[in-house]
Amino acid sequence: MRSPKLSVNTFLLILLIFGGFTFFITVLIVRMADRTPVNSFHPIEGTDYAIRYSSLEPSGLYQGSENVNSLVVEGSFGFDWGAALEGERLYLNEYGTSNMGVMHSDLVCVNLATKQKETLFTDAILRGKCASGELVCVRGVFLPANKPESNVLCAFYALTAPAMNDGAEVLFLDPATGEIVYRVKDDGAMTDAFEARYLRRTLEEVRQ
Amino acid sequence: MKFGIDNRGKLTGADLAVRIVQIASALPMLYLVILSGMLSLLTRETPITYLFSLGVCAVPRAVALGLSALYRHTGGEVLFSMLLVAAALAYGVVMNRLLHSERGRVARIVLAVLIALDLIVRLIPLGFPQAFGLPCEIIAFALRAVSLVLVLLDLRADQKA
């Protein structure tokens, strides 16, 4: 009779091979099915810079027009939520995606003079500017589309993400330096009330 | 069932303890294999979700934290799940050899200490939340406690022999 110990090991070996093939085939099928080339160009208002998403060229921050341009910094940046320019400092969300499509966002600052990218906060989403001009970002949250409350991969991600273990926090940043001027804990930071609660008010009003 | 050293090749307590970790390690990949065929499951809480939750809770806490850190940096579900299963396979092969070698007693003592440490770590509030829900955490804790008892019974039987 076969040793049961061998059976467990054999089962794991089969799972390893079977799982590897399954993932490989799935990824291959998804890539074969997704043959639509993407090339969208989103100029940043008041600057010579634009954010490009492309399946033909590297995605990232470009300088120049849609037809004549050069890559400044590579990355999957967001232009939708709260991209803000202050002097030579461009604040952007940088999105990362896992194999299975779990997305997370980091707040980065691109220095347009030196063309260097600096990550200011991990697992943070820049939402815009408040009425008095400070940048408002939410730290320690997933993008709402992930539905983290029912997504075990989000829970697994959050297991070692310090910002996510302490609950959501709204940060007010000085756009000139990127330093925090005010912070407030708010677990409802990604709800619909966010705009009325933070973006339409001045920092002083929020403090009160 | 009687636990203890059995030279005829029957399951010993330590063997069972090793197997609990091995089977738990396979659960996240089973979940991901199912998920890869039906991605919409990712945004829903279904019974299949518990495969992943229980698997992550039942493996040693240090392993779960290490894999989570790896996942955060790579975004690779395939990578961490394959690593986990590969590690479980290697763990099974190595422990199989060690537990049935001349140093079997030492291996059992080391295994018991590691399980005990893991149980203590689970009781200390280290800052990370009970991410996968209390039922899974409780089942995983019970499984680890049972593993410790099995190994200790093994050691006791070894001493008597």
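Just so it is clear: chains get the letters A, B, ... in the order the sequence lines come, proteins before strands, and each one is counted from 1.
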Identify which part of [X] has an atom lying under 4.5 Å from any heavy atom of chain A, answering side chain, backbone, both or neither.
{"X": "B:L41", "answer": "neither"}
{"X": "B:T74", "answer": "neither"}
{"X": "B:Y91", "answer": "neither"}
{"X": "B:V85", "answer": "both"}
{"X": "B:R44", "answer": "backbone"}

Measure the [atom1]-[atom2] distance between [X] and [Y] for me, rounded to the nearest 0.5 Å.
{"X": "B:M29", "Y": "A:T22", "atom1": "CE", "atom2": "OG1", "value": "8.5 Å"}
{"X": "B:T43", "Y": "A:L153", "atom1": "OG1", "atom2": "CG", "value": "11.0 Å"}
{"X": "A:F11", "Y": "B:R19", "atom1": "CZ", "atom2": "CZ", "value": "13.0 Å"}
{"X": "B:S25", "Y": "A:L12", "atom1": "OG", "atom2": "CG", "value": "7.5 Å"}

If you tally heavy-atom pairs under 4.5 Å against chain A, which of B:V56, B:L32, B:T46 wins?
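Heavy-atom pair counts peak at B:L32.
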In terms of heavy-atom pairs under 4.5 Å with chain A, which of B:L35, B:V33, B:L79, B:L30 leads?
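So the answer, after comparing B:L35, B:V33, B:L79, B:L30, is B:V33.
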All side chain to side chain donor-acceptor pair (under 3.5 Å) counterparts of A:R52, not counting sequence neighbours
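Listed in chain order: A:N39, A:E57.
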Would you call the rings of B:F132 and A:F156 parallel, tilted or perpendicular, taking 30° and 60° as the class edges?
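Ring orientation of B:F132 relative to A:F156: tilted.
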Using the rule given for side-chain contact (heavy atoms from CB on, under 4.5 Å), can you reason through B:Y50 versus A:V152, listing the C-alpha separation, both sets of side-chain angles and the distance that settles it, and then say yes or no?
CA-CA 9 Å; B:Y50 289 100; A:V152 285; over 6 Å; no
For a quick test of reading the model, state the closest non-hydrogen atom pair linking A:L159 to B:A64 and the distance between them.
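Between these two residues, the closest heavy atoms are CD2-O, 4.0 Å.
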Determine whether more than 12 heavy atoms belonging to other residues, nucleotides or ligands lie under 6.0 Å from atom CZ of A:F18.
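No, CZ of A:F18 has 12 or fewer neighbouring heavy atoms, counting only those of other groups under 6.0 Å.
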Whether over 12 other heavy atoms sit under 6.0 Å from B:R156 CZ:
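Open.
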Indicate yes or no: at least one non-hydrogen side-chain atom of A:V102 is less than 4.5 angstrom from one of B:E77.
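With C-beta onward as the side chain, the pair touches.
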Residue selection (most heavy-atom pairs with chain B, distance under 4.5 Å) from A:L13, A:D123, A:L16:
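The residue among A:L13, A:D123, A:L16 with the greatest pair count is A:L16.
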List, one per line, each side-chain donor-acceptor pair under 3.5 Å for residues 90-97 of chain A, sequence neighbours excluded.
| residue | atom | partner | partner atom | Å |
| --- | --- | --- | --- | --- |
| A:Y91 | OH | A:R89 | NE | 2.8 |
| A:Y91 | OH | A:R89 | NH2 | 3.4 |
| A:Y91 | OH | A:P175 | O | 2.6 |
| A:Y91 | OH | A:G178 | N | 3.3 |
| A:N93 | OD1 | A:L126 | N | 2.6 |
| A:N93 | ND2 | A:W81 | O | 3.1 |
| A:N93 | ND2 | A:L126 | O | 3.1 |
| A:E94 | OE1 | A:K117 | NZ | 3.2 |
| A:E94 | OE2 | A:K117 | NZ | 3.0 |
| A:Y95 | OH | A:D80 | OD1 | 3.4 |

For A:T160 and B:Y71, run side-chain contact (heavy atoms from CB on, under 4.5 Å): C-alpha distance rounded to whole Å, both residues' side-chain angles, the deciding distance at 0.1 Å, then the answer.
CA-CA 10 Å; A:T160 49; B:Y71 178 47; over 6 Å; no
Among side-chain atoms of B:E45 and A:N151, is any donor-acceptor pair under 3.5 angstrom?
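Short answer, no.
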